[in-house]
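Note that the structure is predicted; figures quoted are calculated from it, not measured. As a basis for the values below, the full set of heavy atoms in this structure was taken, side chains included, without hydrogen atoms, waters or symmetry mates. Every chain is numbered from 1, with letters handed out A, B, ... down the list of sequences.
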2 protein chains.
Amino acid sequence: MDVFEAVAEPNRRHLISLLAEREHTAGELVGSLPTLTQPAVSRHLRILREVGLVEVRPDGQRRIYALKPDGLQRIDDWITPYRRFWRHHLAALEQHLENR
Amino acid sequence: MDVFEAVAEPNRRHLISLLAEREHTAGELVGSLPTLTQPAVSRHLRILREVGLVEVRPDGQRRIYALKPDGLQRIDDWITPYRRFWRHHLAALEQHLENR
DNA sequence: ACGCCATATACACTTGCGCTTATATACGCA
DNA sequence: TGCGTATATAAGCGCAAGTGTATATGGCGT
């Protein structure tokens, strides 16, 4: 599984958004996804770790998860060359906002 | 299928990169993916069209495919808030843009 | 109209994902 | 040492993705 497939899953994107605010224990993340069971969340966290989107640090019997920049940057590097396709569109929008 | 899943497939990313250079007919794209059959490529193009990454224009018996900005921009919009994790100077820029 | 070319769809098959239930591992505390 | 808590792994299942073969659709030229 690569970083693109990892990010394609909505629950994993939710986990990423939570970890972007601050670190969380696995249990907190399980509580934040009430539709999923604990093993399901644990598996998602495993995948996020394997693709380098997340890192784990043990804290007693808990595991603290934190976002890692590297993985998301790989997606950003991929999308960067295509950014020119809507840059001019955005420029036009800003122009419009400034003129009104 | 949403735009994230669409982009998660390597062959579809390849198609996107080809269409970023210029428009292509379906046949040209089939020729650019020698490991896949014509129906397989046709199906990938269908998916890219359904998620708004690509648009089709008929030209006689051929179909000309072109990249559409909207879909990729949605991915870019999603990744933007996380960009501060690896480029702190960009966070300052975003702050500046928000405040003006 | 007929055959040819370009492209799309139907169908069947395999494979891997995401899920749940059940179980294992491991730490903390009395 | 024994128990409860926190987290991970195992096993099994349903389902959808991706693919190939076969076929349909539809424009083009003669």
Side-chain angles (χ1 to χ4, degrees), chain A residues 1-19 22-68 71 74-75 78, chain B residues 1-19 22-68 71 74-75 78:
Chain A
M1 166 117 30
D2 68 351
V3 65
F4 288 93
E5 295 177 21
V7 157
E9 218 286 328
N11 291 313
R12 287 196 286 264
R13 286 203 300 279
H14 190 196
L15 290 171
I16 289 171
S17 75
L18 291 169
L19 293 172
R22 56 177 175 86
E23 299 180 334
H24 285 277
T25 66
E28 288 172 342
L29 297 171
V30 170
S32 300
L33 288 172
T35 66
L36 295 186
T37 60
Q38 176 267 319
V41 177
S42 180
R43 191 163 189 85
H44 282 310
L45 291 171
R46 184 188 213 270
I47 290 171
L48 291 174
R49 180 166 42 83
E50 284 173 352
V51 302
L53 280 168
V54 145
E55 60 187 358
V56 204
R57 166 166 48 95
D59 174 41
Q61 54 183 338
R62 319 205 172 167
R63 301 244 179 167
I64 299 180
Y65 282 83
L67 199 58
K68 262 184 72 180
R74 261 180 297 163
I75 295 182
W78 169 79
Chain B
M1 166 113 35
D2 68 351
V3 65
F4 288 94
E5 294 178 22
V7 157
E9 217 287 327
N11 292 312
R12 288 198 285 266
R13 287 203 301 278
H14 190 196
L15 290 171
I16 289 171
S17 74
L18 292 169
L19 293 172
R22 56 176 175 87
E23 299 180 335
H24 285 277
T25 66
E28 289 172 341
L29 297 172
V30 170
S32 299
L33 288 171
T35 65
L36 295 185
T37 60
Q38 176 266 321
V41 176
S42 181
R43 193 166 188 84
H44 282 309
L45 290 171
R46 182 187 214 273
I47 290 171
L48 290 175
R49 179 166 42 83
E50 285 173 351
V51 302
L53 280 168
V54 145
E55 61 187 357
V56 203
R57 165 167 48 96
D59 175 40
Q61 53 183 339
R62 320 205 172 167
R63 301 245 180 164
I64 299 180
Y65 282 84
L67 200 58
K68 262 183 72 180
R74 260 181 297 163
I75 295 182
W78 169 78

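Evaluation of the side-chain hydrogen bond (donor to acceptor under 3.5 Å, both in side chains) rule for B/H44 yields B/R12 as partners, not counting sequence neighbours. For B/R63, the side-chain contact (heavy atoms from CB on, under 4.5 Å) test picks out B/V56, B/Y65, with sequence neighbours left out. For B/T37, the side-chain contact (heavy atoms from CB on, under 4.5 Å) criterion is met by B/P39, B/A40, not counting sequence neighbours. Residues satisfying the salt bridge (Lys or Arg N to Asp or Glu O under 4.0 Å) criterion with A/R43, sequence neighbours excluded, are absent altogether. The side-chain contact (heavy atoms from CB on, under 4.5 Å) test applied to B/T25 returns B/E28, B/R62, B/I64, not counting sequence neighbours. By the side-chain contact (heavy atoms from CB on, under 4.5 Å) test, A/L33 pairs with A/N11, A/H14, A/L15, A/L36, A/V41, sequence neighbours left out.
Of all non-hydrogen atoms in A/A6 and A/I47, the two that sit nearest each other are CB-CG2, 4.2 Å.
The phosphate of D/dA8 has OP1 or OP2 within less than 4.0 Å of a side-chain N or O from A/Y65.
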Item checked: Protein-to-nucleotide contact annotation, 5' to 3' order, nucleotides 21-30 of chain D [B base; S sugar-phosphate only; - none; under 4.0 Å, heavy atom] -> BB---BBS--
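Protein atom CZ of B/F4 is 19 Å distant from nucleotide atom C1' of D/dA17, rounded to whole Å. One interatomic measurement links the two molecules: CG of B/L33 to C1' of D/dT19, which rounds to 13 Å at whole-angstrom precision. Atom-to-atom, NE2 of B/H44 to P of D/dA17 comes out at 12 Å; the value is rounded to the nearest Å. For A/H24 and D/dA6, the NE2 to P distance is 17 Å, given to the nearest whole Å.
In this structure, A/V30 and B/M1 both approach DNA chain D, and ranking their closest nucleotides by distance from the 5' end singles out A/V30.
At a threshold of 4.0 angstrom between heavy atoms, the contacts of B/R43 include nucleobase atoms, whether or not backbone atoms are also involved. Contacts of B/L36 with the nucleic acid, taken as non-hydrogen atoms under 4.0 Å apart, involve only primed sugar atoms and P, OP1 or OP2.
Every pair passing side chain to side chain donor-acceptor pair (under 3.5 Å) that includes a residue from residues 47-58 of chain A is listed here, sequence neighbours excluded: A/E23-A/R57, A/R46-A/E50.
Taking 4.0 Å as the cutoff to heavy atoms of chain B, we find the contact window on DNA chain C bounded by C/dC5 to C/dT9.
DNA chain C is contacted by A/E9, A/N11, A/R12 of residues 5-12 of chain A, taking any non-hydrogen atom closer than 4.0 Å.
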